[in-house]
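A quick write-up on the structure given underneath.
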Number of protein chains: 2
Amino acid sequence: MSTTATTRNGVDTGQLFGTLDAIKDDPSLARFQFRARNHWIEGAHNRTTIRDFYAANQEDTSRAAEFVIDAGEPAILLGTDTGPNPAEHLLHALAACLTTSLVYVAAARGVHLTEVESTLEGDMDVRGALGLSDDYRNGFEQIRASFRVKGDAPEEKLREVVARAQRRSAVFDMVTNGVPVTVDVTTA
Amino acid sequence: MSTTATTRNGVDTGQLFGTLDAIKDDPSLARFQFRARNHWIEGAHNRTTIRDFYAANQEDTSRAAEFVIDAGEPAILLGTDTGPNPAEHLLHALAACLTTSLVYVAAARGVHLTEVESTLEGDMDVRGALGLSDDYRNGFEQIRASFRVKGDAPEEKLREVVARAQRRSAVFDMVTNGVPVTVDVTTA
């Protein structure tokens with residue numbers, strides 16, 4: 001079974017290298033657009049649905065159903081725990097992206113992983129976001145990510161895979177370097 | 001019922017102003033730490049659990065259960081749609097934070113909201129994240145957020161609420177300005 005033979009860490013490396021080759025041949029395939037639609041429910045409770053996206057010169061219709069994610073706040077921040085709060089969702093996005101990046105990098109480099117775990121912490125003085133002081137930023141002052149990675153490779157190789165993942169992670173780039181965001185409002 | 005009388009947009013404004021006063025009296029209450037724990041499952045599938053956090057000089061234990069969020073990738077990015085991808089989760093975090101911020105600001109300013117919806121789009125050339133080119137960043141080049149806000153207030157007031165929310169949103173700050181992130185790795 002050649003399919004099984006090319007799968008490493010659950011990633012089809014044949015498809016991975018095929019995708020890279022296809023994009024090298026036709027760079028227009030690399031243009032993606034991702035989307036999220038959110039609606040407010042009550043108080044700190046709001047809900048995002050995610051399904052459609054644009055990729056490889058067309059609307060992608062491969063997803064069988066939409067994803068639904070709820071957000072909320074704990075009691076101390078005036079919510080009723082209808083979901084993780086937005087800053088926690090950002091930590092999740094960062095953890096997930098670093099993890100997927102390192103799993104893909106390891107697959108491409110022939111490293112068989114057995115375990116990847118991470119804990120992320122973000123420190124915040126809520127005087128910023130609550131509008132009580134301009135001396136504190138609204139978001140986290142810093143984020144610490146601690147990864148535990150195990151696999152059939154020397155420690156040096158495992159560390160190299162994590163370092164490479166960090167250099168190529170989409171969310172790590174956005175969270176550390178920032179992204180221009182425009183906000184349009186209609187009230188009709 | 002004074003409790004009912006002070007609730008606006010699902011936010012207890014009495015508690016909101018009480019929280020602000022308490023922090024003004026004792027700024028140490030404003031120190032928060034949020035956390036996310038992630039473990040890899042297979043391929044692009046990984047899972048984050050979120051529950052404990054630090055707030056107001058102690059570990060908060062008010063949450064009855066942990067939240068579980070799955071991440072994945074669509075087929076074109078070598079996954080099996082086990083969840084939204086990390087960049088989509090970041091869009092969700094941003095939408096949720098802007099929404100909660102504007103709902104809280106409106107509650108504090110006496111604006112009764114009837115509807116808040118948003119669509120966020122992020123554009124990406126995946127040659128960056130796939131390591132094919134250094135001419136493209138790994139993350140979104142830009143994010144567009146389109147909000148529709150309705151409520152019992154003049155248009156100008158509604159726009160002011162959105163603008164204020166944007167100036168105080170934790171995730172908007174982080175996504176637009178960036179945050180220092182440290183990554184530690186253990187392989188034992």
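Residue numbers start from 1 in every chain, and the chains themselves are labelled A, B, ... in the order their sequence lines are given, proteins ahead of strands.
- The candidate with the highest count of non-hydrogen atom pairs below 4.5 Å against chain B, out of Ala36(A), Gly10(A), Pro74(A), is Ala36(A).
- If you measure heavy-atom distances from Leu132(B) to chain A, the contacts under 4.5 Å come from the side chain alone.
- Neither the backbone nor the side chain of Ser28(B) has a heavy atom closer than 4.5 Å to any heavy atom of chain A.
- Only the side chain of Phe53(B) comes within less than 4.5 Å of a heavy atom in chain A; its backbone stays farther off.
- For a residue to count as touching a neighbouring chain, one of its non-hydrogen atoms must lie under 4.5 Å from one of that chain's; by this rule Val175(A) touches chain B with backbone and side chain alike.
- Among all heavy-atom pairs drawn from Trp40(A) and Thr99(B), the shortest one is CB-CG2, 3.9 Å.
- Ranked by heavy-atom pairs under 4.5 Å with chain B, the first of Lys150(A), His92(A), Glu115(A) is His92(A).
- Proximity to chain B is limited to the side chain of Val103(A), based on heavy atoms less than 4.5 angstrom apart.
- Put simply, of Leu102(B), Val116(B), Thr19(B), the one with the most heavy-atom pairs under 4.5 Å next to chain A is Val116(B).
- Chosen from Ala93(B), Cys97(B), Ser118(B), Ala95(B), the residue pairing most often with chain A at heavy-atom distances under 4.5 Å is Ser118(B).
- When each of Val185(B), Leu91(B), Ile23(B) is scored by its heavy-atom pairs under 4.5 Å with chain A, the top score falls to Val185(B).
- Ranked by heavy-atom pairs shorter than 4.5 Å toward chain A, the options Ile69(B), Asp123(B), Leu90(B), Ile76(B) are led by Ile69(B).
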Item to complete: Show the numbers, then the answer: is there a side-chain contact (heavy atoms from CB on, under 4.5 Å) between Leu20(A) and Leu130(B)?
Response: CA-CA 8 Å; Leu20(A) 297 178; Leu130(B) 293 178; 3.8 Å; yes
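- In this structure, the portions of Asn9(B) lying under 4.5 Å from any heavy atom of chain A include both its backbone and its side chain.
- Between chain B and the residues Asn177(A), Leu158(A), Leu113(A), Thr176(A), the largest count of heavy-atom pairs under 4.5 Å involves Thr176(A).
- Chosen from Glu73(A), Arg51(A), Met124(A), the residue pairing most often with chain B at heavy-atom distances under 4.5 Å is Met124(A).
- Contacts of Ala188(A) with chain B are made by backbone atoms alone, with heavy-atom separations under 4.5 Å and no side-chain atom involved.
- Leu78(B) contributes atom CG, which lies 10.5 Å from atom OG1 of Thr7(A) (distance to the nearest 0.5 angstrom).
- For Glu156(A), the CD atom sits in a loose shell: 12 or fewer heavy atoms of surrounding residues, nucleotides or ligands are nearer than 6.0 Å.
- Neither the backbone nor the side chain of Tyr54(A) has a heavy atom closer than 4.5 Å to any heavy atom of chain B.
- Chain B forms more heavy-atom pairs under 4.5 Å with one residue of Arg164(A), Glu141(A), Lys24(A), His39(A) than with any other, namely Glu141(A).
- Side-chain contact check for Ser169(A) and Asn138(B): no donor-acceptor pair (N or O, by modelled atom type) lies under 3.5 Å.
- Rounding to the nearest 0.5 Å places CG of Leu77(A) at 10.5 Å from CG of Leu16(B).
- Cluster annotation: Ile50(A) and Met174(A) are assigned to distinct hydrophobic clusters (Ile/Leu/Val/Met/Phe/Trp/Tyr, side-chain heavy-atom contacts under 4.5 Å, transitive).
- Nearest approach of Asp173(A) to Gly139(B), heavy atoms of both residues: OD2-N, 2.7 Å.
- Within the model, atoms OG1 of Thr82(A) and CZ of Phe67(B) stand 7.0 Å from one another, a figure rounded to the nearest 0.5 Å.
- Residues Tyr104(A) and Gly43(B) approach most closely at CE1-C, 4.4 Å, considering heavy atoms.
- The cluster map of Ile, Leu, Val, Met, Phe, Trp and Tyr, joined by side-chain heavy atoms under 4.5 Å apart, puts Val105(A) and Val181(B) in the same cluster.
- Proximity to chain B (any heavy atom under 4.5 Å) is restricted, for Arg167(A), to the backbone atoms N, CA, C and O.
- Here the options are Asp125(B), Asn85(B), Val126(B), the test is side-chain contact (heavy atoms from CB on, under 4.5 Å), and the partner is Phe32(A); only Val126(B) passes.
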Worksheet entry | Evaluation steps, salt bridge (Lys or Arg N to Asp or Glu O under 4.0 Å), between Arg168(A) and Asp134(B) | CA-CA 10 Å; Arg168(A) 288 301 179 184; Asp134(B) 288 329; 2.7 Å; yes
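- Most heavy-atom pairs under 4.5 Å with chain B: of the set Arg137(A), Glu117(A), Glu42(A), Gln142(A), this distinction falls to Arg137(A).
- Of the listed residues (Pro27(B), Ala65(B), Gly79(B), Gly151(B)), the one with the most heavy-atom contacts under 4.5 Å to chain A is Pro27(B).
- When the candidates Ala71(B), Ala87(B), Gly131(B) are compared by the number of heavy-atom contacts under 4.5 Å with chain A, Gly131(B) comes out ahead.
- In this structure, the portions of Val183(B) lying under 4.5 Å from any heavy atom of chain A include both its backbone and its side chain.
- Residue Asn46(B) touches chain A through its side chain alone, counting heavy-atom pairs closer than 4.5 Å.
- Ring pair Phe140(A)/Phe34(B) is tilted by interplanar angle, where 30° to 60° counts as tilted.
- Both Val11(B) and Phe17(B) belong to a common hydrophobic cluster when Ile, Leu, Val, Met, Phe, Trp and Tyr are linked at side-chain heavy-atom distances under 4.5 angstrom.
- Using a 4.5 Å cut-off between heavy atoms, Ser133(A) touches chain B through its backbone atoms (N, CA, C, O) alone.
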